[in-house]
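Quick notes on the structure that follows.
Heavy-atom basis, side chains included; hydrogens, waters and symmetry copies ignored. Letters A, B, ... mirror the listed sequences (proteins, then strands); counts begin at 1.
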Amino acid sequence: MENIFLDFTSESGIFKDKEVLRPAYIPAYLPHRKKQIKNLAGALSAALKGETPPNIFIYGKSGVGKTATVKYVSTELEAICKKIDSKCAIVYINAEIFDTQYRVFAYLARVFNKRVPMIGWPTDMVYSEFKDGVDAEKRCVIIILDEVDKLASKGDEALYNLSKINSELNNARLCIICISNDVTFMELQKPGVRASLSEETILFPPYDAYQLRDILVDRAEKAFNISVLDDEVIPLCVAFAAQEHGDVRKALNLLRVSGEIADLTKSKKVHVEHVRRAREHIDEGRITEVVKTLPLQSKLILNSVIRLNSEGGKTHLFSGEVYNTYQNICDHLGIESLTQRRVTDLISELDILGLIDARVVNRGRYGRTKEISLIVPTEYVQSALTGEYDEALLSIKQKAESSTA
DNA sequence: CTTCCACGGGAACACTGGGGTG
DNA sequence: CACCCCAGTGTTCCCGTGGAAG
């Protein structure tokens, strides 16, 4: 029998090295970021002279090379430190994953060889463990806090503690690099924290169309075999990305998926048509993924919106109607419904996820509401919802049965 | 000027899953 | 082992508030 993997082993006619297009790939050459690299390197160079580098705040929209630049510069720094035998430790934390004060400190403490459980201790204990760990040696420690805005709401305490930690250290010198997508993030912090964490700030402006093109061409040369790309492919990817405030990550992803589709259809070249299909594919995939991972109650709310759309034929709904329908559905399923207050929050979450558009409107005599409309194709949501819906119902049934038994 | 409805901030609570201690 | 402590999450309760229609 033929091996089932045989089909996949054959050399792709399209790709040379697909990894180059993945978000995790850190290029050795970052076009149009010379200034930022220089500034960052300049600030961090203090570490080499035995001084404490300033805390740095880096901001700019997503996909403009912030993380790539910081990682690139920090690995360079690490290399040179090793060479001149200067003690230096660099820790990278993504605050989207370690998104509370406890988790951040617990992770840091572990990095510095302390045994701390990921849950259970009082926070101040974890904090002092971390401090001891860092202070154990005379060295320069650089902590990179990526996506720091994700930490803000739940863990601004963490930022406060970090901002004043240097005064409590005897041996080590600590430098914090905060990376944020949210431009206004630092302005929202307490003055003391802000001053301390943004001793140096570096702005990453969005790429313009020409710069995007440069980057895409550069990567495409590494990723694809020679001349498999139609001439219009890159300009089209650039055009789509430009709509997304110059997000390179999205552009590269689009390019990769286009190539995959071309590969899959046994096409010898990547055509504009493949890019269009890739875009649809990415859109649908994203929406399906988001809807599927929604908590049950949010799904029910989304379902209410869809139902009102299809039955009432209205595209713009008021929160009152949505809440009523939601309650009906809950009754029908025998689920406890949430309060209006809570539903308001869930609706806002759906808004942030980009599934619906929810604007507060004042309707005078008729009070204040949210005007809600679905902003993604109903079919995508519907299909993602129905699959999960049955499972949810099933589990509810099972729960009911087991509780009566 | 009143009235109306739900927005959205904040406190309080319940619950979970993990600690340490005697 | 029983028991209490702790952070984190999802929720409810309470309530002051916006602002155009009437």
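Annotation: cation-pi geometry not satisfied between A/R33 and A/F204 (NZ/CZ under 6.0 angstrom from ring centroid, within 45° of ring axis). Both the sub-6.0 Å distance and the 45° axial angle are not jointly satisfied by A/K66 relative to the ring of A/Y59. Figure legend: A/K18 and A/F15 shown as a cation-pi pair, the cationic atom lying under 6.0 angstrom from the six-membered ring centre and within 45 degrees of its axis.
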All N/O contacts under 3.5 Å from nucleotides 1-6 of chain C to the protein, with atom names and distances to one decimal?
none

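Closest-nucleotide positions on DNA chain C for A/Y366 and A/T369 were compared, and the one nearer the 5' end corresponds to A/T369.
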Step by step, would you call A/S348 with A/K370 a side-chain hydrogen bond (donor to acceptor under 3.5 Å, both in side chains)? CA-CA 10 Å; A/S348 302; A/K370 258 184 178 146; 2.7 Å; yes
Can you list the steps and then say if A/E200 with A/F57 is a side chain to side chain contact (heavy atoms under 4.5 Å, CB included)? CA-CA 6 Å; A/E200 196 82 42; A/F57 177 54; over 6 Å; no
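Exactly one residue among A/I356, A/L308, A/D357 makes a side chain to side chain contact (heavy atoms under 4.5 Å, CB included) with A/I372. That residue is A/I356.
When the P atom of C/dG22 is taken as reference, atom CG of A/N362 falls 14 Å away, rounded to whole Å. When the C1' atom of C/dG8 is taken as reference, atom CD of A/E157 falls 14 Å away, rounded to whole Å. Going from atom CD of A/Q340 over to atom C1' of C/dC14 covers 15 Å, rounded to whole Å. Distance A/I335 CD1 to C/dT11 P: 12 Å, rounded to the nearest Å. When rounded to the nearest whole Å, the span between OH of A/Y107 and P of C/dG8 equals 18 Å. Rounded to whole Å, atom P of C/dA7 lies 19 Å from atom CZ of A/F98.
A/E51 has no carboxylate O lying under 4.0 Å from a charged side-chain N of A/R173, or vice versa, which leaves the two without a salt bridge. Taking a cutoff of 4.0 Å between a charged side-chain nitrogen and a carboxylate oxygen, A/E137 and A/R139 qualify as a salt bridge.
Bracketed by its first and final contacts, the part of DNA chain B lying under 4.0 Å from non-hydrogen atoms of chain A reaches from B/dT3 to B/dG20 in 5' to 3' order.
Close to C/dA7, at under 4.0 Å from its OP1 or OP2, lies no side-chain N or O of A/T100.
For the residue pair A/Q297 / A/Y326, a side-chain donor-acceptor distance below 3.5 Å is found, with atom types taken as modelled. One side chain, A/Y92 or A/D146, offers a donor N or O that lies under 3.5 Å from an acceptor on the other.
Less than 4.0 Å separates DNA chain C from at least one heavy atom of each of the following residues of residues 341-354 of chain A: A/R341, A/R342.
In this structure, A/P117 and A/A106 approach most closely via the heavy-atom pair O-CB, 4.1 Å.
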